[in-house]
2 protein chains.
Amino acid sequence: MVVHGLSDDDADRIFHALADRTRRDIVTRVLDAEQSVSDLAERYSMSFAAVQKHVAVLERAGLVRKVRRGREQIVHAGLDVIHQAKSLLESYEHLWRHRVARIDALLAENDTTRGD
Amino acid sequence: MVVHGLSDDDADRIFHALADRTRRDIVTRVLDAEQSVSDLAERYSMSFAAVQKHVAVLERAGLVRKVRRGREQIVHAGLDVIHQAKSLLESYEHLWRHRVARIDALLAENDTTRGD
DNA sequence: CCCATGTACAACCATCGAGTTGTACGTTAC
DNA sequence: GTAACGTACAACTCGATGGTTGTACATGGG
C-alpha cells in the first residue's frame with residue numbers, strides 16, 4: 001500500500017534534511033552539477049566542517065551520495081529519494097481526494113435514501 | 001520562475017513540521033477527517049499540551065488550519081501548502097532533467113565538432 | 001449559576017542541532 | 001620526501017525542540 005516506500009525513520013531523516021536552507025541549496029547545486037565538498041564549502045559563509053556536516057545529514061537521508069575521486073569527495077544528487085519524498089506528499093493529496101470522494105458518496109446516498 | 005511560491009522561511013517551516021512522525025500522522029488524520037485538538041490528543045500517548053504544540057507547529061507551516069466550533073477547535077488540512085511542498089520537490093527533479101539535457105546537448109555538440 | 005469540557009499558555013527540563021575550532025590522516029604535486 | 005590540499009572527526013558552545021506539569025480562561029449543558 002505504501003507506494004513511496006519510506007519508513008518513518010526515512011521520512012524523519014529526509015524532511016529534517018530538507019528543513020534547512022543551506023542543505024536545500026546544496027541539493028540544488030549538486031542537482032545542477034556534481035561538486036566536491038570543498039567546492040560546496042567555498043559557496044557558503046561558514047566553516048568547511050559545517051558544510052561537511054550538512055552534506056553528512058543529506059547523505060544519511062539519501063538525498064546525496066559521495067564518491068571519492070582522487071583526494072576529493074564528489075557529491076551527487078540522490079534523485080530516487082527526492083522522488084520518494086515527492087511521492088509521500090502526493091499520497092497525502094490522494095488521501096484528501098479519497099476523503100472528498102467518500103463525502104460525495106455519503107451525500108449522494110443521503111439524497112437517494114431521503115428520496116421523496 | 002518560482003512555481004511553488006515558497007520563501008526559504010516557508011520551506012524551513014514546512015519541512016521542519018513534516019520532519020516529525022507525530023506531526024505527519026496528524027496531517028494524515030486531518031486529511032482523512034477534520035478533528036478537534038482533543039480528538040487528536042486522545043490518539044497519542046503524550047500530553048494534551050504536547051499535541052497542541054505539534055498542531056501549532058503544523059499551523060505555523062500552513063499545513064493545517066484551526067477553526068473554532070463551539071468550545072472546540074477543529075483542525076483541518078492545508079492542502080494548498082502540501083501541494084506547494086510537493087511542487088518544490090518536483091522542481092528539484094526538473095532541475096535534474098535540465099542538467100541531463102544540457103549534458104546531452106554538450107555530448108551531441110562534441111560529436112558534430114569532432115565530426116569524422 | 002456551576003461544573004465539566006476544551007483550549008491556551010507559561011515555566012521548566014533534557015536532548016538535539018548548527019555552528020565553531022583544533023587535530024589528524026590520506027592523496028597529489030613538486 | 002615533503003608540503004599543500006581535501007577530508008574526517010572530536011570537543012565544545014549555545015539556541016531550538018519535544019516533552020512535561022500547572023494554571024488560567026472561555027464555552028456549553030443541566
Side-chain angles (χ1 to χ4, degrees), chain A residues 7-30 33-78, chain B residues 7-30 33-78:
Chain A
S7 70
D8 277 353
D9 291 313
D10 290 337
D12 283 356
R13 279 189 285 265
I14 293 169
F15 287 122
H16 169 248
L18 290 172
D20 180 286
R21 64 195 64 191
T22 301
R23 287 196 288 264
R24 286 195 302 277
D25 196 70
I26 290 176
V27 169
T28 64
R29 286 190 192 280
V30 300
E34 295 159 346
Q35 297 176 56
S36 72
V37 178
S38 16
D39 284 343
L40 288 169
E42 281 175 11
R43 309 279 184 160
Y44 306 100
S45 58
M46 64 181 79
S47 69
F48 176 84
V51 175
Q52 205 179 338
K53 279 194 186 180
H54 281 305
V55 172
V57 170
L58 289 168
E59 197 179 14
R60 256 176 268 131
L63 285 162
V64 305
R65 297 216 175 78
K66 289 191 301 187
V67 174
R68 268 226 166 276
R69 190 162 72 199
R71 59 185 163 189
E72 292 176 310
Q73 198 82 263
I74 304 300
V75 182
H76 51 98
Chain B
S7 70
D8 277 352
D9 291 313
D10 291 336
D12 283 355
R13 278 189 286 266
I14 293 169
F15 287 122
H16 168 249
L18 290 172
D20 181 286
R21 64 194 66 191
T22 301
R23 287 196 288 264
R24 285 195 303 276
D25 196 69
I26 290 176
V27 169
T28 64
R29 285 189 192 281
V30 302
E34 296 159 346
Q35 299 176 54
S36 71
V37 178
S38 14
D39 285 342
L40 288 169
E42 282 175 11
R43 308 277 184 164
Y44 306 100
S45 58
M46 63 181 80
S47 69
F48 176 85
V51 175
Q52 205 177 339
K53 279 193 186 178
H54 281 305
V55 172
V57 170
L58 288 168
E59 196 179 15
R60 255 176 268 132
L63 286 163
V64 305
R65 297 215 176 76
K66 287 191 302 185
V67 173
R68 268 226 165 276
R69 190 161 73 199
R71 58 186 160 187
E72 292 177 310
Q73 199 82 264
I74 305 300
V75 183
H76 51 97

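Side chains included, hydrogens not; waters and symmetry mates left out as well; all remaining heavy atoms used. Protein chains get the first letters and strands the later ones, always in sequence-line order, with residue 1 at the start of each.
- The heavy-atom pair separating A:Val51 from A:Tyr44 by the smallest distance is CG2-CD1, 4.2 Å.
- The distance from the NE2 atom of A:His54 to the CG atom of A:Asp20 is 4.5 Å, given to the nearest 0.5 Å.
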B/S/- along nucleotides 18-30 of chain D (protein heavy atoms under 4.0 Å) is SBBB-----BB--
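- A:Arg13 places its CZ atom 12 Å from the P atom of C:dG17, with the value rounded to the nearest Å.
- Atom CD in A:Gln35 sits 6.5 Å away from atom CZ in A:Arg29 (nearest 0.5 Å).
- Atom CZ of A:Arg24 and atom C1' of C:dA18 are 15 Å apart (whole Å).
- Whole-Å rounding puts the B:Arg21 CZ to D:dT17 P distance at 18 Å.
- Rounded to a whole Å, the CG atom of A:Asp39 is 8 Å from the P atom of D:dG6.
- Taking side-chain N and O atoms only, B:Gln52 has no distance below 4.0 Å to OP1 or OP2 of C:dC9.
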Side-chain polar contacts of residues 58-71 of chain A - donor-acceptor pairs under 3.5 angstrom, sequence neighbours left out - could you list them?
{"residue": "A:Arg65", "atom": "NH2", "partner": "A:Asp80", "partner atom": "OD2", "Å": "3.3"}
{"residue": "A:Arg68", "atom": "NH1", "partner": "A:Arg71", "partner atom": "O", "Å": "3.3"}
{"residue": "A:Arg68", "atom": "NH1", "partner": "A:Glu72", "partner atom": "O", "Å": "3.4"}

Show your working on salt bridge (charged side-chain N to carboxylate O under 4.0 Å, His left out) between B:Asp9 and B:Arg13 and close with a plain yes or no. CA-CA 6 Å; B:Asp9 291 313; B:Arg13 278 189 286 266; 5.3 Å; no
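- Atom pair A:Glu72:CD and D:dA4:P shows a separation of 18 Å (rounding to whole Å applied).
- For the helix from C:dC1-D:dG30 to C:dC30-D:dG1, the angle separating the two terminal helix axes comes to 30°, with each axis derived from five pairs and the value rounded to 10°.
- Shortest non-hydrogen contact noted between A:Leu18 and B:Phe15 is O-CD1, 3.5 Å.
- In this structure, B:Leu40 places its CG atom 19 Å from P of C:dT5, rounding to the nearest Å.
- The closest side-chain donor-acceptor pair between B:Asp25 and B:Thr22, if any, does not fall under 3.5 angstrom.
- Smallest separation of non-hydrogen atoms from A:Ala41 and A:Phe48: CB-CD1, 3.7 Å.
- Counting all heavy atoms, side chain and backbone alike, B:Glu34 lies closest to B:Ile74 at CB-CG2, 3.8 Å.
- Between B:Glu59 atom CD and C:dT7 atom P the separation is 12 Å, expressed in whole Å.
- Following rounding to the nearest Å, A:Lys66 (NZ) and D:dG6 (C1') show an atom-to-atom distance of 11 Å.
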